[in-house]
Amino acid sequence: MRTHPPTTDPLDTYTLNMGPQHPSTHGVLRLLLTLRGEEIVTAEPVIGYSHRAHEKMAENRTYAQFLPNTSRQDYLSGMIYNFAWVEAVEKMAGIPVPERALVARVILAEFNRIASHLLWIGAFLLDLGAPTPFLYCWDDREAILFLLESVTGSRLTYASGRFGGLARDLDADFPRRAREVIAKLRARWPEYDRLIEDNVIFRNRAIGVGVLTRDQCRSYGVTGPTLRGSGVPYDVRKAEPYGAYPRFEFDIPTRPEGDVFARYWVRVQEMRQSVRIIEQALDQLPGGPFLEPGSIGVKKRLKLPVGTQYYAVESARGHYGILLVSEGGAEPYRAKFRTPSYPNLAVLTEAMPGTLVADAVAILGSTDLVMPEVDR
Amino acid sequence: MNFTARVARGIKSLLVGLGVTGRHLVRPVVTLQYPHQRPDASHWGGPIELVTFPETGTHDCIACNACARICPSDCFAIEGKRPEGAKKMRATKFLIDFSTCSLCGLCVDVCPTDTLQYSRRYEDVAYRRSLTVNDLLAPFPEDPYFTGKLA
Ligand code: SF4
Ligand code: SF4
């Protein structure tokens, strides 16, 4: 890493606002950069531009009515967030979920994770000035979105979870179409490796840039691929298995370097692990109902017992947690969302100083931020 | 690795990448040539509409307002009247403000007579906000329950 002695002389530096409309901040993030020439002295994220008060909204609507809000927190892996809410409520209310729905949720969530990672690879490389992979990633992602649309009816902001199962069943043809999509993804992986991973320009811009150490990650609460790129094998799907995940075999890819390249590599490997999970799930997909028979779905108002409960899932960006407090009514007393992008953004104040402006774009991109999720 | 070897490796990686794009040049086009080609919207969940039941040739909305109650975005404006001698109400006004609808499908799930569904429309456009209010009774100019054809 380039190291220069830190400066405190105000005449030596100047301030640059990167964002909130900058294309490489992926949403409305403002980075207040203090620069000395091209070198970053401090980087301060300014957030809150897309604050929609999801937590407050949860307090004035029923549990079912909050379903469309969930996927709008992180619109890139909305399915995972939607199921997290459904599962948190199910756990607290003690609603049984049929086997088929449990396994189907895993399939849909993992496809959504791959779609999210594909979008990230495309957009991230676009930031680095490589528009070609973007088109291939988009092609692959389109196949997944089309598959998910055929089950849920939506392309991005899914509201397909129901308390006690799913809104719609996977049709009889779904496994075949899913396997087709997987075959398409598999065929493309060697191309990605040749086009991106071995590319000299990408390697020079990614290796050794924006190093985050384990301890930095730990102290900020960084999770997800960003943490695993720093060598910590923490994944909620393994650490606190939920849903049908304990039945499936998969590895947690990690890499010790903690640089931009490590974070890229971890995500690429994660897509392969997701495919592994999906294939096992398709093999094991049981028959039976997709919504618990006699379950209320959303037809009746659901009242949760008095209490407090925390439920966490692994989203495409890391540890997503829901703290639900119920006072027995049809609406939550309080719902707190622990979104992974927030600490992943906060840690950048440590990773950015000492790097160049062009590296700031690479570092920012490599953490895969979704600003509506930071602000909520 | 010495400098020459690194340069050679770098150039090779660029050529390999160029080979990947080159091969794509001769592969079939993946872009959908809209509007000459149309996407398959057979599973698409578009703006909510009323189901026409083949047995009656009309919808089955009893103006119970269950959909209006569950809708998180308050999209509905429903009024109903009881046809003479009938047990159930019939909707006389059914508006959905699509500009606030999030297509969550809760109304579809909650309807006791299963008379709501997603349409397959994906091209709705409007120049004015008032035009985003859909009159769901528009496809049903005459209600056979009110004209006495059905009871
Ligand atoms: S789909 Fe959801 S938001 Fe739209 S009208 Fe139905 S309940 Fe309301
Ligand atoms: S829930 Fe169904 S029957 Fe009741 S008002 Fe809505 S559309 Fe009509």
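Quick note on labels: first sequence line is chain A, next is B, and so on, each numbered from 1.
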Check: For A:R72, is it the side chain, the backbone, both or neither that has a heavy atom under 4.5 Å from a heavy atom of chain B?
Finding: side chain

Margin query: Is A:T132 in contact with chain B via its backbone, its side chain, both, or neither, using a 4.5 Å heavy-atom distance?
Written below: side chain

Note to self: Treating A:E149 as the side-chain partner and B:A41 as the backbone partner, does any N or O pair qualify as donor plus acceptor under 3.5 Å?
What the structure shows: no

Next item on the list: Over all heavy atoms of both residues, which pair between A:P68 and B:L106 is shortest? Give the atoms and the distance, please.
Entry: CD-CD1, 4.5 Å

Note to self: How long is the straight-line distance from OG of B:S73 back to CZ of A:R61, given to the nearest 0.5 Å?
What the structure shows: 7.0 Å

Notebook entry, point to check: By a 4.5 Å heavy-atom criterion (distance strictly below it), what part of B:V30 contacts chain A: side chain, backbone, both, or neither?
Noted result: side chain

Notebook entry, point to check: What do you reckon, is NZ of A:K56 surrounded by more than 12 foreign heavy atoms closer than 6.0 Å?
Noted result: no

Note to self: Looking at B:F140, I'd like to know if its CZ atom is crowded, meaning that more than 12 non-hydrogen atoms belonging to other residues, nucleotides or ligands lie closer than 6.0 Å.
What the structure shows: yes

Next item on the list: Calculate, to the nearest 0.5 Å, the distance between atoms OH and OG1 belonging to A:Y136 and B:T21 respectively.
Entry: 5.0 Å

Notebook entry, point to check: What part of B:R23 lies closer than 4.5 angstrom to a heavy atom of chain A: side chain, backbone, both or neither?
Noted result: side chain

Next item on the list: Output the distance between atom NE2 (B:H24) and atom CG (A:L135), rounded to the nearest 0.5 Å.
Entry: 10.0 Å

Next item on the list: Quick one: pull up OG1 in A:T62 and CZ in B:R69 and give me the separation to the nearest 0.5 Å.
Entry: 12.0 Å

Next item on the list: Check whether any side-chain heavy atom of A:R168 sits under 4.5 Å from a side-chain heavy atom of B:D109, and report yes or no.
Entry: no

Check: Of the backbone (N, CA, C, O) and the side chain (C-beta and beyond), which part of A:F146 lies under 4.5 Å from a heavy atom of chain B, both, or neither?
Finding: side chain

Notebook entry, point to check: Heavy-atom distance under 4.5 Å to chain B: side chain of A:Y158, backbone, both or neither?
Noted result: neither

Check: Does CZ in B:R27 sit with more than 12 non-hydrogen atoms of other residues, nucleotides or ligands closer than 6.0 Å?
Finding: yes

